[in-house]
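Nothing here was measured: the structure is a model prediction, and the numbers come from that model. Lettering of chains follows the sequences in order, A, B, ..., and the numbering in each one begins at 1.
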Amino acid sequence: MIVQDVRKLEEKSIFIIREAKMKFKNIAALWSMGKDSTAMLAVARKAFLGKVPFPVVHIDNGIDFPETYEFRKRLAEKWNLDLILGKTKIKHVSWGLACCGETKTIALKEVMKEYKFDALMMAIRRDEHWIRAKERVFSPRNENFRWDYKNQPAELWDDYSSKLDAKGHIRVHPMLDWNEVDIWSYVQKEHIPVVPLYYSRNGYRYRSLGCTHCTVALKSNAKNIDDIIKELEGTETDERSGRSQDKEKEYVMQKLRALGYM
Amino acid sequence: MMVKKITLLGHKDHGKSTLIGNMLILTNRVNPAKLKEAERTSEQLGKRFEPGFILDSFHEEREGGLTIDTTRTEKIPHKDIAFEFIDVPGHEELIKNMMSGASQADIAVLIVSAKADEGIRDQTKRHLFIAKMLGIRKLVVAVNKMDLVAYKEEKFDAIKKHMAKFIENMGFTRGNVYFVPISAYMKDNLVKKSSNMKWYSGRPLIDLLYMNAKEEYTKKANAELRVLLQGFIDHTGTVMAGKIVSGKMRLGDKVRIWPSGFGSSISRIFVKGANVKAAKLGTNVAVALRDKFNSDVRGSVMADDENSPKLRKVVKALIFVTRPTLANMKIKFNNIEIGCNSLKVLKHIDTTTGERKEGNRLKALDAIEADIELERKLPFESYERTEELGRFLLYSRGEFAGIGIVE
């Protein structure tokens with residue numbers, strides 16, 4: 001993996017985040033407390049004189065790791081975040097598509113409806129999954145959260161167009177150009193706090209953080225960011241290989257995204 | 001590491017996705033699981049192994065064997081820089097997706113199939129015309145499928161001769177254009193010189209991309225200040241956010257905001273949250289002025305006081321049209337929408353020949369030279385002078401309808 005010029009990536013993300021905040025009446029950011037969405041909030045703070053200028057939404061299954069909840073509490077206080085919690089009604093055996101596709105999306109729909117958000121900022125990256133490589137920076141969803149991937153709007157130069165369906169919303173993706181290793185490089189340079197589960201304990205670490213039902217740790221001795229970057233440079237497995245929901249079927253991610261999954 | 005983005009251009013089925021797929025395979029950028037999946041999918045669909053399957057991800061794209069929307073690839077390191085490929089669809093009806101992808105590129109690879117029944121097509125030339133309008137200056141023409149014409153030099157020469165003339169007419173600089181005979185499927189001349197074409201004295205594709213990438217295009221760092229303003233970012237309406245697209249700024253500089261014409265001087269500059277004395281080209285800044293500006297700044301342009309852009313209500317532009325009608329036309333300039341009162345077609349330009357003709361008929365996928373009268377004055381500049389202030393998007397009835405550049 002190649003580390004890109006993170007200052008250049010940061011500039012572009014600042015432009016996009018400002019553009020989104022100016023353009024939409026009522027925007028919120030999704031925060032999973034993972035490294036990507038936390039880095040996105042760090043960029044937003046730089047764009048807006050030290051303060052995240054919109055509400056931050058966590059869709060909470062109630063089954064995240066205790067360390068993640070602890071991190072949420074600590075950073076929300078430190079960065080003075082306007083935190084909104086969307087609670088899901090988790091079924092007894094929830095796993096994979098049923099869990100992420102249904103319960104989380106339903107909870108997100110409820111939050112969007114209650115607060116009347118017209119745009120939702122998310123930290124997805126192109127290198128996470130093939131389907132995400134096809135995304136626009138400003139990506140419309142209709143009333144039912146559907147993604148019309150076969151007819152995406154034109155998006156030229158640094159003009160972020162949006163065909164705003166009156167009842168739908170726009171997904172804003174300021175981190176699309178970043179790669180996994182760029183995020184780590186930025187976290188390191190900017191001293192951005194991350195959940196400690198990313199670092200190796202007893203020979204294992206989490207490379208991608210989901211909820212406790214679906215996320216598995218990988219064998220790793222990476223105890224700090226330098227180790228992680230070194231590890232990523234030599235890796236051949238995908239970042240989300242520890243996230244079982246992606247693996248169920250070849251096109252499950254396409255299905256999930258078309259249905260409004262984050 | 002510096003990353004250069006490369007878009008593939010050319011007619012459908014001339015091998016854009018195949019070329020990218022094999023470039024990734026040859027440079028070991030594909031992990032074994034991904035490769036296996038592409039092999040499995042080819043098999044399931046009853047096709048020979050298709051390297052393009054490493055890229056195309058929509059279910060429909062694999063079944064139909066076409067690229068629907070643009071995608072990006074894993075970066076390929078080469079010496080001190082890295083390449084990122086942007087794959088775009090070649091089908092006419094998907095031109096807005098092609099334009100979306102290509103507008104992000106630094107370099108274009110134009111694919112022309114050497115196969116007898118394929119060759120130089122209208123779409124081949126149209127893509128080139130669009131690339132030039134999008135601001136792409138660097139080009140490699142890859143004459144593909146040489147394996148299907150017995151690697152014959154005459155086939156390559158004929159296409160090269162024809163295209164070289166057209167490319168020059170389009171306004172590309174000769175030093176930024178290269179030609180290479182390849183077989184994307186057989187991997188000839190992609191990263192290594194092919195022994196099948198000993199008559200070719202040039203370098204393989206990857207080296208040509210590198211040579212083209214290394215030639216830096218220097219942008220107006222010393223030109224007069226131009227800042228695209230996005231809006232106020234504080235509650236009191238004193239700090240405005242914007243991006244410097246020309247020149248640089250320092251505390252105390254005298255500036256004007258257009259189209260209003262309001263003049264003041266810079267009293268505070270913030271870059272990434274920090275208070276600074278100056279900011280350079282390409283920076284996203286937050287700026288406060290000595291005097292209070294009382295209207296909205298979204299979509300306005302901050303410029304050097306002495307040398308400002310001229311306000312124009314009627315703008316003469318070269319326009320590429322993607323729809324057959326421009327009814328209820330609006331333009332998007334600097335991320336805001338502005339209505340148009342009228343459009344007068346002056347000349348008709350055939351994008352497949354570059355020829356200028358009389359006539360005022362509008363046709364999709366053609367270009368026109370036109371006078372557009374806007375609902376209000378805007379601070380345009382020539383595309384040549386400041387790209388960001390010399391280009392716009394066209395919308396008709398809310399749908400994307402083309403692009404324009406100001407001459």
Side-chain angles (χ1 to χ4, degrees), chain A residues 1-5 7-19 21-23 43 45-51 53 126-127 129-136 149-161 163-164 176-177 179 190 235-238 241 250-251 253-255 258, chain B residues 1-3 31-34 37 41 54-60 68-77 82 96-97 99-100 102-104 134-135 228 230-234 239 241-243 270 272-274 282-284 286 298 322 332-335 387-388 391-393 395 398-400 403:
Chain A
M1 271 189 212
I2 291 139
V3 186
Q4 302 184 74
D5 180 348
R7 293 298 162 212
K8 227 172 132 181
L9 292 170
E10 184 189 42
E11 284 290 357
K12 191 171 173 190
S13 300
I14 287 175
F15 183 83
I16 294 165
I17 293 170
R18 283 176 170 174
E19 202 48 45
K21 168 66 183 156
M22 302 295 171
K23 187 180 181 111
V43 179
R45 293 177 81 225
K46 285 195 167 193
F48 288 88
L49 308 174
K51 167 102 180 98
R126 283 203 185 86
D127 73 327
H129 195 281
W130 307 358
I131 196 83
R132 288 182 167 171
K134 296 253 182 195
E135 270 283 9
R136 295 284 191 265
Y149 58 83
K150 278 190 267 181
N151 187 24
Q152 298 202 71
E155 192 166 82
L156 276 78
W157 300 307
D158 50 9
D159 181 283
Y160 300 106
S161 298
K163 229 170 43 179
L164 187 56
L176 219 44
D177 282 353
N179 289 347
E190 297 291 320
T235 190
E236 281 192 338
T237 48
D238 285 341
S241 56
E250 210 135 290
Y251 291 102
M253 192 68 164
Q254 178 174 349
K255 210 186 282 172
Chain B
M1 196 179 259
M2 200 208 306
V3 179
N31 75 43
K34 225 177 228 183
E37 208 210 308
T41 312
I54 290 160
L55 310 163
D56 293 342
S57 61
F58 292 144
H59 196 46
E60 296 81 351
I68 294 173
D69 212 331
T70 173
T71 194
R72 302 283 186 93
T73 68
E74 185 98 3
K75 284 138 198 89
I76 299 176
K96 74 170 164 49
N97 294 344
M99 291 166 81
S100 300
S103 77
Q104 304 301 321
L134 291 173
L228 303 182
Q230 295 178 287
F232 288 109
I233 57 166
D234 62 333
V239 183
K243 181 176 163 186
F270 301 93
K272 293 172 186 171
T283 312
N284 287 283
R298 178 151 180 79
T322 61
K332 269 192 91 184
F333 171 77
N334 191 10
N335 270 300
E387 270 177 32
E388 292 83 351
R391 66 190 186 197
F392 54 86
L393 285 79
Y395 283 80
E399 295 286 331
F400 176 73
I403 54 169

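- At a cut-off of 3.5 Å, with distance as the only test, a side-chain donor of B/Lys96 or A/Asn151 sits close to an acceptor on the other residue.
- Put simply, the side chain of A/Leu156 reaches to within 4.5 Å of the side chain of B/Ile403, judged on heavy atoms.
- Exactly one of A/Glu190, A/Arg45, A/Glu10 qualifies for a side chain to side chain contact (heavy atoms under 4.5 Å, CB included) with B/Lys272. That residue is A/Glu10.
- Contact check for A/Lys134 versus B/Arg72: no side-chain heavy atoms found under the 4.5 Å cut-off.
- To the nearest 0.5 Å, the span separating CH2 on A/Trp130 from OG1 on B/Thr73 amounts to 13.0 Å.
- For the pair B/Leu134 and A/Trp157, the minimum side-chain heavy-atom distance is below 4.5 Å.
- Per-residue counts of heavy-atom pairs under 4.5 Å with chain A were compared for B/Met2, B/Glu60, B/Met99; the largest is that of B/Glu60.
- Both the backbone and the side chain of B/Thr283 have a heavy atom closer than 4.5 Å to some heavy atom of chain A.
- Taking 4.5 Å as the limit, some side-chain heavy atom of B/Asn97 sits within range of a side-chain heavy atom of A/Arg136.
- Residue B/Gln104 holds its CD atom at 7.5 Å from CG of A/Asp177, rounded to the nearest 0.5 Å.
- Heavy-atom pairs under 4.5 Å with chain A were tallied for B/Glu74, B/Met1, B/Gln230, B/Lys332; the largest tally goes to B/Gln230.
- Considering CE of A/Met22 and CD1 of B/Ile233, their distance stands at 6.0 Å, rounded to 0.5 Å.
- The existence of a salt bridge linking B/Asp234 and A/Lys51 is excluded, since no basic side-chain nitrogen approaches an acidic carboxylate oxygen closer than 4.0 Å.
- For A/Glu135, the salt bridge (charged side-chain N to carboxylate O under 4.0 Å, His left out) partners are A/Arg141, A/Arg257, not counting sequence neighbours.
- With respect to chain B, the highest number of heavy-atom pairs below 4.5 Å among A/Lys12, A/Glu19, A/Gln4 belongs to A/Glu19.
- When the ring-ring contact (aromatic ring centres under 6.0 Å, His included) test is applied to A/Tyr149, the partners found at least two apart in sequence or on another chain are A/Trp147, B/Phe58.
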If you apply the rule salt bridge (Lys or Arg N to Asp or Glu O under 4.0 Å), what do you find for A/Asp158 with B/Lys243, and how did you get there? CA-CA 11 Å; A/Asp158 50 9; B/Lys243 181 176 163 186; 3.0 Å; yes

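- Ranked by non-hydrogen atom pairs under 4.5 Å with chain B, the options A/Arg126, A/Arg7, A/Lys8 are led by A/Arg126.
- To the nearest 0.5 angstrom, B/Asn284 atom CG is 12.0 Å from A/Lys46 atom NZ.
- Residues B/Phe392 and A/Asp159 form no side-chain contact, since every pair of their non-hydrogen atoms from C-beta on lies 4.5 Å or further apart.
- The pair B/Lys75-A/Asp127 does not meet the salt-bridge criterion, since no charged nitrogen lies less than 4.0 angstrom from a carboxylate oxygen.
- Looking only at heavy-atom pairs under 4.5 Å with chain A, the residue among B/Ser103, B/Ala82, B/Pro77, B/Gly242 that has the most is B/Ser103.
- Of all the listed residues (A/Lys23, A/Glu11, A/Glu155), the one sharing the greatest number of non-hydrogen pairs under 4.5 Å with chain B is A/Glu11.
- Of all heavy-atom pairs spanning A/Pro153 and B/Ser100, the tightest one is O-OG, 4.3 Å.
- Counting heavy-atom pairs closer than 4.5 Å to chain B, the top residue among A/Val3, A/Ile2, A/Asn179 is A/Ile2.
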